[in-house]
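Reviewing the structure listed below.
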Amino acid sequence: GLEETICSARVTDNLDDPSNADVYKPQLGYISILNSYDLPILRFLRLSALRGSIRQNAMVLPQWNANANAVLYVTDGEAELQVVNDNGDRVFDGQVSQGQLIAIPQGFSVVKRATSDHFRWVEFKTNANAQINTLAGRTSVLRGLPLEVITNGFQISLEEARKVKFNTLETTLTYSSGPVSHGRPR
Amino acid sequence: QFPNECQLDQLNALEPSHVLKAEAGRIEVWDHHAPQLRCSGVAFVRYIIESKGLYLPSFFNTAKLSFVAKGNGLMGRVIPGCAETFQDSSVFQQGQGQEQGQQGQGQGQQGQGQGQSFRDMHQKVEHIRSGDTIASSPGVAQWFFNDGNEELVIVSVLDLASHQNQLDRNPRPFYLAGNNPQGQVWLQGREQQPQKNLLNGFTPEIISKAFKIDVSTAQQLQNNQDNRGNIVRVKGPFGVIRPPLRSQRPQQEEEESVGN
């Protein structure tokens with residue numbers, strides 16, 4: 001029985017093929033995810049991976065890993081990153097470039113914006129089916145909240161709450177020009 | 001776990017060790033370093049939400065199981081990828097809706113396409129009442145609202161030893177809104193720092209770009225001047241779209257079911 005399962009199990013998959021992209025915007029780039037649905041053996045490892053390749057000024061909307069830690073390794077280019085921890089503190093605010101590694105723990109929110117022609121990275125996640133939740137965008141947590149929760153939670157008007165909730169139609173990648181980073185973490 | 005953590009020679013009844021006061025209630029936290037809780041690998045929290053109190057959206061680093069010990073209210077969750085299936089009635093009045101849709105378009109709901117108009121749409125909201133047991137996954141935002149007249153008391157266990165907790169053996173709430181001036185007093189090293197919401201950690205420029213809003217609104221989302229805590233008082237109507245309460249089902253519908 002083993003030769004029919006473990007020995008013949010597929011253990012490789014290529015993430016550098018944009019035709020397999022899960023998120024794709026011609027002007028901004030693509031993101032491919034490799035989880036246990038794509039590569040079943042990952043279920044045993046309880047690990048998954050993500051490959052991103054975005055152009056200059058493309059921004060990955062702020063998001064957090066709901067059920068995994070992530071380790072991000074830069075393979076090409078540079079990007080500005082901001083990372084926020086459970087206390088609401090910005091624990092990283094700066095550039096990451098080729099060859100560098102940064103760990104993003106579960107629940108920590110992160111935003112990435114490419115500052116070089118192409119920013120490419122691979123992320124390894126400690127869950128076979130890592131789930132992200134986004135703070136902004138059409139499938140975001142703010143979009144899923146009632147307006148009353150937003151108005152009361154943030155003490156903003158109904159009109160402002162509508163803008164917060166509905167203005168961003170993208171789900172993952174958006175365009176963002178100009179500097180957004182202010183140097184050292186607060 | 002550290003070695004011998006479960007070498008317990010004596011057990012005792014535990015009381016909450018930390019109380020977080022808020023505008024419309026309080027959150028009582030048991031010391032999760034207490035030997036018996038440490039051995040069990042859990043943390044325990046009690047939420048006391050006053051009438052019209054809204055426990056602001058938050059998510060945790062691990063699985064949580066809650067029990068409604070008293071009162072009743074509403075509970076909302078936002079699960080990644082789920083649609084906003086709760087929409088207000090104007091969507092269902094198709095013909096009329098269409099006209100409104102055009103009108104709606106004018107009200108800044110650009111990009112909705114199909115000319116639909118609506119007051120709001122959001123993910124599922126449920127009624128909760130005493131006795132309800134609620135499962136919460138890590139990373140999934142959840143909020144509670146007390147729409148009754150008595151206190152809503154919810155007790156929760158957080159399974160810190162679960163494999164779903166990818167962080168350390170501490171209960172770590174992440175708040176999407178609000179500001180807790182007392183801070184995460186149950187965590188060593190965080191006693192003196194207020195706990196802010198997630199958006200507070202980003203620069204206003206990032207927030208304004210991500211949400212496509214102006215920077216002043218982005219700054220408001222950061223709740224910098226907010227000292228209400230994590231349970232705030234809702235002033236005026238709380239017009240969240242909700243299903244009728246079980247007891248409010250139309251009489252005829254119930255008779256039909258009896259007939260069958």
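In what follows, chains carry the letters A, B, and so on, assigned in the order in which the sequence lines appear, proteins first and then strands, with residues in each chain numbered from 1. Basis for what follows: all heavy atoms, side chains included, without hydrogens, waters or symmetry-related copies.
- Both the backbone and the side chain of A/Asn85 come within contact range of chain B, judged by heavy atoms closer than 4.5 Å.
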>> With side chain to side chain donor-acceptor pair (under 3.5 Å) as the criterion, how do B/Lys212 and A/Thr174 come out once you've worked through the C-alpha distance, each side chain's angles and the decisive distance to 0.1 Å?
In response: CA-CA 10 Å; B/Lys212 297 186 177 18; A/Thr174 189; 3.1 Å; yes

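- Heavy-atom pairs under 4.5 Å with chain B peak, among A/Leu158, A/Ile156, A/Ile132, at A/Ile156.
- No side-chain donor-acceptor contact under 3.5 Å links B/Gln195 and A/Asp86.
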>> Please determine whether salt bridge (charged side-chain N to carboxylate O under 4.0 Å, His left out) holds for the pair A/Glu148 and B/Arg119, giving the CA-CA distance in whole Å, both sets of side-chain angles, and the decisive distance to 0.1 Å.
In response: CA-CA 11 Å; A/Glu148 282 79 4; B/Arg119 190 187 63 78; 3.4 Å; yes

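- Contact count against chain A (heavy-atom pairs under 4.5 Å) is highest for B/Asp226 among B/Asn179, B/Ile241, B/Asp226, B/Val140.
- Of all heavy-atom pairs between B/Leu198 and A/Ser109, the closest is CD1-OG, 3.4 Å.
- Contact of the A/Val149 side chain with the B/Phe238 side chain is registered, since non-hydrogen atoms from C-beta on lie closer than 4.5 Å.
- With a 4.5 angstrom heavy-atom cutoff, B/Asn223 touches chain A only via side-chain atoms.
- Considering every non-hydrogen atom in both A/Trp64 and B/Gly139, the closest pair reads NE1-O, 3.2 Å.
- Only the backbone of A/Val110 comes within contact range of chain B, with at least one heavy atom under 4.5 Å from a heavy atom of that chain.
- Contacts between B/Pro138 and chain A at a heavy-atom distance below 4.5 Å involve backbone atoms as well as side-chain atoms.
- With a 4.5 Å cut-off on non-hydrogen atoms, A/Tyr175 does not touch chain B at all.
- Contact check for A/Arg143 versus B/Val78: no side-chain heavy atoms found under the 4.5 Å cut-off.
- Of all non-hydrogen atoms in A/Ser176 and B/Lys209, the two that sit nearest each other are OG-CD, 2.8 Å.
- For chain B, the nearby parts of A/Leu147 are the backbone and the side chain; heavy atoms of each come within less than 4.5 Å.
- For B/Leu221, the parts lying under 4.5 angstrom from a heavy atom of chain A are both the backbone and the side chain.
- Within the 4.5 angstrom heavy-atom criterion, only side-chain atoms of B/Val232, from C-beta onward, approach chain A.
- Contact tally against chain B (heavy-atom pairs below 4.5 Å) for A/Pro146, A/Ala136, A/Gly153: the top residue is A/Pro146.
- Closest approach of A/Phe166 to B/Asp120, counting heavy atoms only: CZ-OD1, 4.2 Å.
- Heavy-atom pairs under 4.5 Å with chain A were tallied for B/Gly178, B/Gly239, B/Gly76, B/Ala141; the largest tally goes to B/Gly239.
- You'll find the side chain of A/Asn67 stays beyond 4.5 Å of the side chain of B/Gln166, heavy atoms only.
- Comparing A/Thr126, A/Leu142, A/Leu61 by how many heavy-atom pairs each has under 4.5 Å with chain B, the most go to A/Thr126.
- Applying side-chain hydrogen bond (donor to acceptor under 3.5 Å, both in side chains) to A/Asn87 and the options B/Arg172, B/Lys196, B/Gln193 leaves one that passes, B/Gln193.
- Neither the backbone nor the side chain of A/Thr171 comes within contact range of chain B; no heavy atom of the residue lies under 4.5 Å from a heavy atom of that chain.
- Remark: the backbone N or O of B/Ala210 is paired with a side-chain donor or acceptor of A/Thr168 at under 3.5 angstrom.
- Within the 3.5 Å criterion, the main-chain N or O of B/Phe211 finds no donor-acceptor partner in the side chain of A/Lys163.
- Not a single donor-acceptor pair under 3.5 Å links the side chain of A/Arg46 to the backbone N or O of B/His163.
- Atom NZ of A/Lys25 has more than 12 neighbouring heavy atoms from other residues, nucleotides or ligands inside a 6.0 Å radius.
- If you take OG1 on A/Thr139 and CD1 on B/Ile79, they are separated by 13.5 Å, rounding to the nearest 0.5 Å.
- Distance check: A/Asp93 CG to B/Thr203 OG1 gives 6.5 Å after rounding to the nearest 0.5 Å.
- Only the backbone of B/Lys235 comes within less than 4.5 Å of a heavy atom of chain A; no side-chain atom from C-beta onward does.
- To the nearest 0.5 Å, the span separating CD on A/Gln82 from CD on B/Glu205 amounts to 8.5 Å.
- Between B/Gln220 and A/Gln155 the shortest heavy-atom distance is NE2-O, 3.5 Å.
- Put simply, the side chain of A/Gln106 gets close to the backbone of B/Gln164: a donor and an acceptor are under 3.5 Å apart.
- Proximity to chain B is absent for every atom of A/Ile150, based on heavy atoms less than 4.5 angstrom apart.
- Residues B/Leu176 and A/Phe154 approach most closely at O-CZ, 3.2 Å, considering heavy atoms.
- Taking 4.5 Å as the limit, some side-chain heavy atom of A/Asn69 sits within range of a side-chain heavy atom of B/Leu167.
- Interface summary for chain A: among B/Thr217, B/Thr62, B/Asn165, B/Leu56, the most heavy-atom pairs under 4.5 angstrom belong to B/Thr217.
- With rounding to the nearest 0.5 Å, the separation of CD1 in B/Ile206 from CZ in A/Arg90 is 9.0 Å.
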